Protein chains: 2
Amino acid sequence: MTTPRERYRAQVRAEAMEKAWEQIAASGAPGLSLNAIAKQLGMTGPALYRYFASRDELITELIREGYGSLETAVAAVGEADVAALAGALRAWALADRQRYFLMYGTPVPGYHAPEDTRETARRIMDRLVAACAKAGPDAQSRALRAWTRLHGLLSLELAGHFSGMPVDPAALFESEVESLG
Amino acid sequence: MTTPRERYRAQVRAEAMEKAWEQIAASGAPGLSLNAIAKQLGMTGPALYRYFASRDELITELIREGYGSLETAVAAVGEADVAALAGALRAWALADRQRYFLMYGTPVPGYHAPEDTRETARRIMDRLVAACAKAGPDAQSRALRAWTRLHGLLSLELAGHFSGMPVDPAALFESEVESLG
DNA sequence: TAACTTCAGTGATAGGGTCTAACGCATGAC
DNA sequence: GTCATGCGTTAGACCCTATCACTGAAGTTA
């Protein structure tokens with residue numbers, strides 16, 4: 001049972017997070033400003049503190065949402081093999097670079113992700129392990145290897161480190177996926 | 001021929017960058033403050049603008065320095081094989097996590113590294129290609145693969161994504177290096 | 001040596017940010 | 001219809017980057 005107040009709160013929170021994603025996509029996480037978001041929502045800065053205890057809490061919420069969206073993206077491919085899972089990961093990553101980097105990019109010293117995101121991350125990893133298990137023994141370590149290789153490729157591609165090099169990221173990704181099979 | 005003024009300038013710049021590295025190591029690049037650095041050097045904030053045109057320029061200079069130090073670290077191993085090169089890379093990365101992420105971490109939308117750092121990066125890559133060439137044909141693509149795999153491993157390790165998992169980063173790195181040989 | 005130029009460092013200021021506190025006022029609860 | 005809850009406001013403390021006009025010291029030149 002949700003009260004009208006609760007529904008209102010939830011909606012404002014959702015709108016704020018939507019604007020936050022836009023800001024992060026445009027100027028990165030450090031450029032995210034509660035003040036600017038509030039203005040976009042038609043209110044003054046301090047009002048947003050009714051909805052988020054701090055800027056950090058908003059970012060934490062975004063990270064939570066990020067892990068959630070990755071989990072659903074991964075779950076959407078079903079009981080698939082590693083290649084399909086890898087493809088879904090890449091598509092999800094390319095859909096929003098800064099979202100990927102918010103989760104897997106430069107860590108902030110002293111910041112620790114909340115426990116539930118670590119659990120989500122573990123569930124995602126379990127999917128990868130399950131996919132690896134269908135292709136042979138030693139699924140755990142093969143999944144770990146798959147993760148590190150795909151992340152290496154993706155993070156360099158998303159950061160633009162291949163630009164100016166004669167590299168086709170998609171082909172490189174495909175060939176690396178094959179190396180996992 | 002350097003004048004006393006030039007030498008003084010160079011020294012203040014060097015000291016400022018040293019403090020900057022400390023700040024970045026402690027709180028990440030977004031936490032870097034020209035004001036705080038100036039105070040540590042015993043001057044007021046605006047004085048630092050005699051030495052760096054902006055906060056961005058200081059960070060750019062740090063990135064330049066970072067690429068320089070990686071190049072010398074890589075050059076120090078001489079005409080080595082891929083394994084030695086990889087070991088040097090990991091040691092260099094572990095020596096200062098935030099330095100690694102400043103160069104290979106989350107990109108800032110709209111920011112483009114200056115041309116000379118890209119050249120340095122290319123020279124580093126050439127070393128890797130040369131090392132790969134000693135182990136067989138197709139050195140270019142094998143070097144690229146080595147880079148992405150090692151980066152994936154390193155960036156996840158440095159970001160702490162292995163903590164809480166039963167993973168030995170050093171062993172994982174070693175086994176991945178073997179996969180390249 | 002004296003006059004002059006260059007330049008490091010200052011305080012003041014503009015404009016942005018996070019975040020707290022006190023206050024009006026509307027909404028939903030009884 | 002009264003009343004508590006809580007949303008949004010303004011004001012303000014304290015950060016930040018960055019610019020500007022100014023002081024005074026250092027180096028340069030006549």
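Since the model is a prediction, treat every value here as computed from it, not as a measurement. Within every chain, numbering begins at 1; the chains are lettered A, B, ... in the order of the sequence lines, protein sequences first and strands thereafter.
In this structure, B/Tyr49 places its OH atom 15 Å from C1' of C/dG9, rounding to the nearest Å. One can place CD1 of B/Ile37 at 17 Å from C1' of C/dG9, the figure rounded to the nearest angstrom. For the pair A/Leu48 CG and D/dT9 C1', the computed distance is 13 Å after rounding to whole Å. Between the C1' atom of C/dT6 and the CZ atom of B/Arg9 lies a distance of 12 Å, rounded to the nearest Å. At whole-Å resolution of the value, CZ in B/Arg55 and P in C/dG16 are 18 Å apart. Counting to the nearest Å, the C1' atom of D/dC7 and the CG atom of A/Leu41 are 14 Å from each other. Distance CG (A/Leu34) to C1' (C/dC19): 9 Å, rounded to an integer number of Å. Put simply, CG on A/Asn35 is 15 Å from C1' on D/dA13, counting in whole angstrom units.
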Practice task
List the steps and the verdict of side chain to side chain donor-acceptor pair (under 3.5 Å) for B/Tyr111 and B/Thr60.
Solution key: CA-CA 10 Å; B/Tyr111 177 86; B/Thr60 296; 2.8 Å; yes
Handout entry: Stepwise side chain to side chain donor-acceptor pair (under 3.5 Å) test for B/Arg145 and A/Ser175
Key = CA-CA 10 Å; B/Arg145 206 170 295 248; A/Ser175 90; 3.2 Å; yes
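Ion pairing between a basic and an acidic side chain is recognised when a charged N comes within 4.0 Å of a carboxylate O; A/Asp81 and A/Lys134 show no such pairing. Using a cutoff of 4.0 Å between basic side-chain nitrogens and carboxylate oxygens, B/Arg149 and A/Glu176 are scored as salt-bridged. Between A/Arg9 and A/Glu6 no salt bridge is recorded (no basic side-chain N to carboxylate O distance below 4.0 Å).
Heavy atoms of other residues, nucleotides or ligands lying less than 6.0 angstrom from CD of B/Gln140 number 12 at most. Counting non-hydrogen atoms of neighbouring residues, nucleotides and ligands closer than 6.0 angstrom, the CD atom of A/Glu79 reaches no more than 12 such neighbours.
At a threshold of 4.0 angstrom between heavy atoms, the contacts of B/Ser33 are confined to the sugar-phosphate backbone, with no base atom among them. A/Tyr51 comes within 4.0 angstrom of sugar-phosphate atoms only, judged by non-hydrogen atoms across all strands, and of no base.
Of the candidate nucleotides C/dG9, D/dC7, D/dT9, D/dC7 has the atom lying nearest to any side-chain atom of A/Tyr8.
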Using atom names, set out every protein N or O paired with an N or O of nucleotides 23-30 of chain C below 3.5 Å, distance rounded to 0.1 Å.
{"from": "C/dT27", "atom 1": "O2", "to": "A/Arg5", "atom 2": "NH2", "distance (Å)": "3.0"}

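Under 4.0 angstrom from either OP1 or OP2 of C/dT10 there lies at least one side-chain N or O belonging to B/Thr44.
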